[in-house]
Amino acid sequence: MAKNNLNDWTCWVQIAGRILNQTQLKQLHAQLIQNSLHHRNHWVALLINSCARLRAPLSYTRIIFHSTPSPNLFALNSMVEYYFSLHVCKEKEVELLTSLFSQLLASNNKPGSLYPILIKSSGKAGILFHVHLLKLGHHQDPHTRNAIMNAYSKFGSFEMARKLFDEIPKRMVADWNSMISGYWNCGMEAEACSLFNLMPENERNVVTWTAMVTGYAKIKDLFTARSYFDRMPHRTVVSWNAMLSGYAQNGLAKEALQLFHHMIKAGNGTEPNQITWVTVISSCSSLGDPSLADSLVKILYKKKVQLNSFLKTALLDMHAKCGNLETAQKFFDKLSVHRSCTTWNAMISAYTRFGNLALARELFDRMPVRNIVSWNTIIAGFAQNGHPEMAIRLFEEMIATTDLKPDEITMVSVISACGHLGDLEMGNWIVNFLVDNQIKLSISGYNSLIFMYSKCGRMEDAERIFQEMKIRDIVSFNVLVSGFAAHGNGIEAVELISRMRKEGIEPDRITYIGVLTACSHARLLKEGRRVFESIKCPTVDHYACMIDLLGRVGELDEAKRLVDHMPMEPHAGIYGSLLNASVIHKRIELGEFAANKLFQLEPTNSGNYVLLSNIYASAERWDDVDRVRESMRKLGVKKTTRWTWVEHDGKVHKVILGDRSYER
DNA sequence: CTAGGGTTAG
């Protein structure tokens, strides 16, 4: 470390970039103390920046901060950024900052250009500087005033922002833009729009237009967002990014990719930047298409795009969602100290998606800082992978040991976990918890309640929730239908079809599976047949349900005819239904036919052998029973019950509607 | 100098 370089800013930046871990940070700090440079503001600022990046502990960072006798803007600024990087800016810290800020203002005569920067980087605390600026008369500086106004509209109230806005004698474009996005922050479409229209047309710049695009995307009105985008006189990368992320964040991945192609084709000097790539990659993730992912990676490579940590995290997620866990893992390892909370969350989610709960849990326990998404990820991971009890335990741990407030996403997982467990007591406790903590539910929240109640055998409560909903979606109907199916309420299930059509929702594959299963359990042959014939493109699963229904009511010959005339290749479920019906109705020949098909399709499923031997047993054909048992032994088929059939009321029932069918 | 765009959970 040459001393003559210490006043050179580029040298500092270089050194800052070289600090990769806390050990190096401490070494540098020690070197500075040795050279008596540790009280210099620029070095303090630099060290604190590194502390924020490396997530150094608060106590250590404070020691560094207090080593400067009179902190200047740079030092103060870094400290503010550090506090915000912790996401735990407590009142006390804000007070400290405010007093330091006022000290600084008092000692500095010029309203320097650094004020807007400091206010902006202080986030919510920026508002607190307003009063100090007023006292010192610096609030008239247009840029400082704009920064304050912007802080109000982002973190405080749009009313205060509007008050400042109205008092400005000569408004800059930035003032209009701050105010418009302030309104959009609160979802106030009408006010934002009226300001936009009030603004002189030649004053509107690309930022104004982009703010409108973002605003409409935020309220999920992508049609209007697009119309503003199309009407823009000029577009920058930011405008394209705004429109792209509007699509991406509202689940319109295809539209996002289409627009991206448009962007590339149009050229116009709007080259995609890292933010564009992050958005595009995230759209590709939600499509889960490996070949698309592959081609994107190739383009990134060809264009020599620099990968920052946002991009690497997005790529990690994309690979995981497109089925490549190893590559995802590689990105996670490569990120090392640059891992953000999001990076950890994405990796945990990758493990849960592949069903590896042990590794997911290990990462969760190891990560330095957890946010609400971390908890939601791990809770959902256990809830969806057959460990609802662990999901609930984690939820309890979360509310007992953290200050994080559970949101709807947390609750959806917990409610569905109660459903899987059939734990009505816990379910009711959760409902009270929702009320006590004022957690508002959207459609999917209510859907999870319907699921929970019907799994707990409380169909009247499930129906009550369903009725209480103002808007329902296809899942609402499907969950209720499958509840009816499980409880054998055939008529109710059939009636739901016409009801959903009345609400403008067309039944889908899952709906029909549910209704047919309900008919099967209720032995409603006529209704089931009518429903089956009304399906436009029946899938193999629908045939399975219909054959199950026919078999159950004893129409085995018709069932066999249906199997023979299916337009597609029958799968194991089809022959399973047939075999099952043959057992019940003691149809040995048909049973042998179905069983032989099943032995080819799933040679390791012991259940099929058992069923066939049961047929022989019921006809007292003990030689055949022994023969089946023997071939089972020879083939090494173990009696591991990967059962797709369950016993209920003394009869064998087929479980077609796994709860997972909604999640896939 | 100021205003507009980013990754993760159901």
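Residue numbers start from 1 in every chain, and the chains themselves are labelled A, B, ... in the order their sequence lines are given, proteins ahead of strands.
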Could you tell me whether Arg353(A) contacts a base, only the sugar-phosphate backbone, or nothing, with contacts defined as non-hydrogen atoms closer than 4.0 Å?
-> sugar-phosphate

Query raised in the report: At under 4.0 Å between heavy atoms, what does Thr342(A) touch on the DNA or RNA strands: base, sugar-phosphate, or nothing?
Result: base

Q | Quiz item: Thr236(A) side-chain donor-acceptor pair to dG4(B) base, under 3.5 Å | A | yes

- Message: Just by distance, no angles: are the side chains of Asn376(A) and Asp407(A) close enough, under 3.5 Å, to form a donor-acceptor pair?
- Response: yes

Discussion item. Need one value for Val206(A): base, sugar-phosphate or nothing, where a base atom within 4.0 Å counts as base even if backbone is also close, heavy atoms only.
Written reply: base

The nucleotide from dA3(B), dT8(B), dG5(B) with an atom nearest the side chain of Asp317(A) is dT8(B)

Checklist entry - Would you say dG4(B) has OP1 or OP2 under 4.0 Å from some side-chain N or O of Lys154(A)? => result yes

With the side chain defined as heavy atoms from C-beta on, Phe310(A) is closest, among dG5(B), dA3(B), dT7(B), to dT7(B)

Picking from dT8(B), dA9(B), dG6(B), the nucleotide nearest the side-chain atoms of Gln249(A) would be dG6(B)

Open item on the list: Within the 3.5 Å criterion, strictly below it, is a donor on Asn345(A) or Thr377(A) matched to an acceptor on the partner's side chain?
Closed with: no

| query | Is the distance from OP1 or OP2 of dT8(B) to the nearest side-chain N or O of Lys312(A) less than 4.0 Å? | reply | no

Will you find, in the side chains of Arg226(A) and Tyr247(A), an N or O donor that is under 3.5 Å from an N or O acceptor? yes

Quick one: do Arg393(A) and Glu389(A) make a salt bridge, cutoff under 4.0 Å? no

Out of dA9(B), dA3(B), dG10(B), minimum distance to the side chain of Gln384(A) belongs to dG10(B)

Practice item. Tell me what Lys321(A) touches on the nucleic acid: a base, only sugar-phosphate, or nothing, going by heavy atoms under 4.0 Å. Key: sugar-phosphate

* Heavy-atom donor-acceptor pair, Asn146(A) side-chain to dT2(B) base, under 3.5 Å -> no

Looking only at the side chains, is there a donor atom on one of Asn447(A) and Asp473(A) sitting less than 3.5 Å from an acceptor on the other? yes

In whole angstroms, the gap separating P of dG6(B) from CG of Leu307(A) amounts to 19 Å

Among dG6(B), dT7(B), dG4(B), the one nearest any side-chain atom of Ser282(A) is dT7(B)

Heavy-atom closest pair (Val412(A) atom, Ser444(A) atom, distance to 0.1 Å) is CG2-O, 4.1 Å

- Ser245(A) near the nucleic acid: base, sugar-phosphate alone, or nothing, with a heavy-atom cut-off under 4.0 Å? sugar-phosphate

His319(A) NE2 to dT8(B) P, in whole Å, measures 15 Å

Rounded to whole Å, CD1 of Ile281(A) lies from C1' of dT8(B) at a distance of 14 Å

Assign Asn205(A) to base, sugar-phosphate, or nothing according to its heavy-atom contacts below 4.0 angstrom with the strands shown.
-> base

Here the distance between atom C1' of dG4(B) and atom CZ of Arg235(A), to the nearest Å, is 15 Å

In whole angstroms, the gap separating C1' of dG5(B) from CE of Met232(A) amounts to 11 Å

Quiz prompt | Quiz item: Ser413(A) side-chain donor-acceptor pair to dG10(B) base, under 3.5 Å | solution = no

Rounded to whole Å, CZ of Phe331(A) lies from P of dT8(B) at a distance of 15 Å

Side-chain contact check for Ser442(A): nearest option of dG6(B), dC1(B), dG10(B) is dG10(B)

Which of dG6(B), dA3(B), dT7(B) is nearest the side chain of Thr313(A)? It is dT7(B)

Atom CZ of Phe155(A) and atom P of dA3(B) are separated, to the nearest Å, by 11 Å

Closest to the side chain of Ile275(A), out of dT8(B), dG5(B), dG4(B), is dG5(B)

Looking only at N and O atoms, is any donor in the side chain of Asn241(A) or the base of dG4(B) less than 3.5 Å from an acceptor on the other one? no

When rounded to whole Å, the CD1 to C1' distance for the pair Ile180(A) and dA3(B) reads 10 Å

So, under a plain 3.5 Å distance rule, would you say the side chain of Asp175(A) forms a donor-acceptor pair with the base of dA3(B)? no

Winner on side-chain proximity to Ala314(A), out of dG10(B), dT7(B), dA9(B), is dT7(B)

Tyr228(A) ring centre to Arg231(A) NZ or CZ under 6.0 Å, with the angle to the axis within 45°? yes

Picking from dG10(B), dG5(B), dT2(B), the nucleotide nearest the side-chain atoms of His143(A) would be dT2(B)

